[in-house]
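For reference, the structure is listed below as structure tokens.
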Amino acid sequence: ALASGWLAIFAGYYTPYLPTTDNFSIYTVLGALFFLLIARRSARHALLLGLTAGLMNLARSDGLLWLAVGAGGIFFHWRREKSPFFSAFLAPLLLLGLGYALVMTPWFLRNLSIWNTPLTPAGSRVLWMTAYEDTFAYPPDRIDRERWLSAGWQVIAAGRAGALRLNLINSVAAQGAFLMAILIPIGLWRLRSHMRARLAVLAWLSLFFVMTFIFPFAGSRGSFFHASAALQPMGWVAAPVAVQGFISHARRRGLAKNPSALPFALFSLVSALFIITLALVYLGVLQADWDRFERLYTRAEQVLAQNGATPADVVIVANSPGYYAYTGRSAITVPDETLPQLFALSARFGAPYLILEEEYTPESLADVYEKPSEQPGLLFLGQVEDLLLFRLAP
């Protein structure tokens, strides 16, 4: 237990993200709570499990998976104990659904008031993406099933093959922090008689499948890494169990007679994760240009103000939430479209200014970035490091 707690502190790739204003910490804590509750068999725990699943869905759209995992846990309890159907299966299932509904119903009602559907229409369009850049399509309704089918099976298969490769790398490097990628599966195998371990494996396999073959582009570009935060607590539990198994095996063969062999092995595991985490924090935090957007966007805002931008004007920029956070100016994301669609977007949302960044300029606008002064309908305002600023005047 102590080793698992230290592994939660030295969390590898997750460590730089846990303190940030994202949902990593929330999802990790809720994941731990979920697995604590799933093995309990009272009405109160079934309701709490539903509330937890609802909070996980509120934190992330893929959190709906945990409602299904909770139902699976109730089913496993019922089948294993061969208890009465109503008291051991149907009643807990209804309480699970009630807890989930208490959290999610206000959000569903909000969506109904805006979209006339409990789930936003954007979710279904993600199914028909043929490239990650489709995330920034405008108008969004051009991403549909007919377009997806017309792309051909080679394009469809290539996208999923790429997601498979990236998600496997993610599983080993990010979720497993290299070393634990071996220990976690072994530990879960040793815990296979426990329902928590079985459900954790089922949840991970389901998540891997969905994020690789159903939503390959969103999954491989971060959603799989984000969503797996809920499973990290089970990994931190399983890894020391694997070490314990190695020591037990060594003792049976007469290779680990010292009573301190297990504590030393666990200390070595925690120390190794401490070194890995330290290196990742150094590279990901101390060596990263974390204030890049703040620095550049603050200077870009000064250029816009000098060129007559009013507080009501909207800007089109790569990191639209970041621009709003740093400057207070409303912003929308640069679409992966040509200039005519860009002008249509500008007209619809009252966005007369455009900022392009070298790293984040879509291929459809590459010519604009390379020849900023030669674009019809665009007035080049100036440059801030690699940022090019324009006023749209179609």
Side-chain angles (χ1 to χ4, degrees), residues 1-20 24-25 27-29 31-32 35 163-192 194 196-205 207-208 211-212 219-220 222-253 255-256 258-288:
L2 287 173
S4 296
W6 282 110
L7 292 177
I9 294 174
F10 306 132
Y13 269 94
Y14 283 92
T15 302
Y17 300 98
L18 289 174
T20 63
F24 284 100
S25 295
Y27 220 51
T28 304
V29 171
F35 282 106
L164 177 63
R165 179 179 62 84
L166 290 174
N167 285 342
L168 286 173
I169 293 173
N170 180 297
S171 301
V172 174
Q175 298 174 35
F178 300 106
L179 177 61
M180 292 208 303
I182 300 172
L183 297 176
I184 291 173
I186 295 173
L188 289 173
W189 174 256
R190 284 179 54 81
L191 294 169
R192 63 189 180 277
H194 296 262
R196 289 189 180 103
R198 294 181 180 182
L199 288 174
V201 172
L202 177 63
W204 186 88
L205 290 174
L207 192 63
F208 184 86
M211 293 298 181
T212 301
S220 62
S223 290
F224 184 49
F225 176 64
H226 275 74
S228 297
L231 289 160
Q232 289 300 114
M234 286 299 295
W236 297 326
V237 168
V241 171
V243 173
Q244 185 183 39
F246 288 136
I247 297 300
S248 298
H249 180 72
R251 281 176 175 162
R252 287 195 298 269
R253 302 191 59 165
L255 301 176
N258 193 318
S260 62
L262 179 58
F264 178 77
L266 292 174
F267 175 78
S268 300
L269 171 63
V270 172
S271 299
L273 262 294
F274 169 73
I275 294 171
I276 291 172
T277 300
L278 200 64
L280 292 171
V281 169
Y282 176 77
L283 294 173
V285 178
L286 300 180
Q287 292 295 302

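Note that these values count all heavy atoms, side chains included, but never hydrogens, waters or copies made by symmetry.
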message = Give me the atom names and distance for the closest heavy-atom approach of Ala3 to Val270.
response = O-CG2, 4.0 Å
Over all atoms of both residues, closest heavy-atom pair of Leu231 and Ala200 = CD2-O, 3.8 Å
key: Within 6.0 angstrom of Arg253 CZ, more than 12 heavy atoms from elsewhere   = no
key: Set of side chain to side chain contact (heavy atoms under 4.5 Å, CB included) partners for Ala32, sequence neighbours left out   = Pro233
key: Side-chain donor or acceptor of Arg192 paired with backbone N/O of Ala197 under 3.5 Å   = no
key: Gap between atom OG of Ser25 and atom CG of Leu18 - 0.5 Å precision   = 4.5 Å
task = Give a yes or no answer on whether the side chain of Ser4 reaches the backbone of Trp236 with a donor-acceptor pair at less than 3.5 Å.
result = yes
query = In chain order, what residues pass the side chain to side chain contact (heavy atoms under 4.5 Å, CB included) check against Leu202, with sequence neighbours excluded?
reply = Leu199, Ser206
Heavy-atom closest contact (Ala230 atom, Phe35 atom, distance) = O-CE1, 4.1 Å
note = The reported gap from CG in Leu191 to CZ in Arg196 (rounded to nearest 0.5 angstrom) is 10.5 Å
ask   = Of all heavy-atom pairs between Leu179 and Ala272, which one has the smallest distance, and what is that distance?
value = CD2-CB, 3.7 Å
query = Are Leu273 and Met180 close enough, and set up right, to give a side chain to side chain contact (heavy atoms under 4.5 Å, CB included), and what steps lead you there?
reply = CA-CA 9 Å; Leu273 262 294; Met180 292 208 303; 4.0 Å; yes
Full working for side chain to side chain contact (heavy atoms under 4.5 Å, CB included) between Val201 and Trp189 = CA-CA 9 Å; Val201 172; Trp189 174 256; over 6 Å; no
task = Mind jotting down which residue pairs meet the side chain to side chain donor-acceptor pair (under 3.5 Å) criterion with at least one end in residues 260-286? Sequence neighbours excluded, please.
result = Asn258-Ser260, Tyr282-Gln287
message = Are Thr15 and Leu280 packed together at the side-chain level, in the sense that at least one heavy-atom pair is separated by less than 4.5 angstrom?
response = no
request  = Of all the heavy-atom pairs spanning Ser220 and Ala163, show the shortest one and how long it is.
outcome  = CB-CA, 3.8 Å
inquiry  = Let me confirm one number: the CZ-CG distance from Arg190 to Leu183, rounded to the nearest 0.5 Å.
reply    = 12.0 Å
ask   = For Arg251, which residues count as a side chain to side chain contact (heavy atoms under 4.5 Å, CB included) partner, sequence neighbours excluded?
value = Ile247, Ala256, Ala261, Leu262
task = Nearest 0.5 Å please: distance from the CD1 atom of Ile169 over to the CZ atom of Phe224.
result = 12.0 Å
ask   = Could you walk me through whether Leu164 and Phe208 pass the side chain to side chain contact (heavy atoms under 4.5 Å, CB included) check?
value = CA-CA 9 Å; Leu164 177 63; Phe208 184 86; 3.6 Å; yes
key: Which residues share a side chain to side chain contact (heavy atoms under 4.5 Å, CB included) with Ile186, sequence neighbours left out   = Ile182, Ala242, Phe246
query = Got a sec, which pairs hit side chain to side chain donor-acceptor pair (under 3.5 Å) with one end in residues 171-186, sequence neighbours left out?
reply = Asn170-Gln175, Gln175-Trp204, Gln175-Ser228
query = Any side-chain heavy atom of Leu7 within less than 4.5 Å of one from Leu269?
reply = yes
query = What about Phe267 and Phe274, are their ring centers closer than 6.0 Å?
reply = no
message = If the condition is ring-ring contact (aromatic ring centres under 6.0 Å, His included), which residues does Tyr13 pass it with, not counting sequence neighbours?
response = none
message = Once rounded to the nearest 0.5 Å, what's the spacing between atom CD1 of Ile275 and atom CZ of Phe10?
response = 10.5 Å
remark   = In short, Gly187 meets Val241 closest at the heavy-atom pair O-CG1, 4.0 Å
query = Angle class for the Phe225/Tyr14 ring planes (parallel below 30°, perpendicular above 60°, tilted otherwise)?
reply = parallel
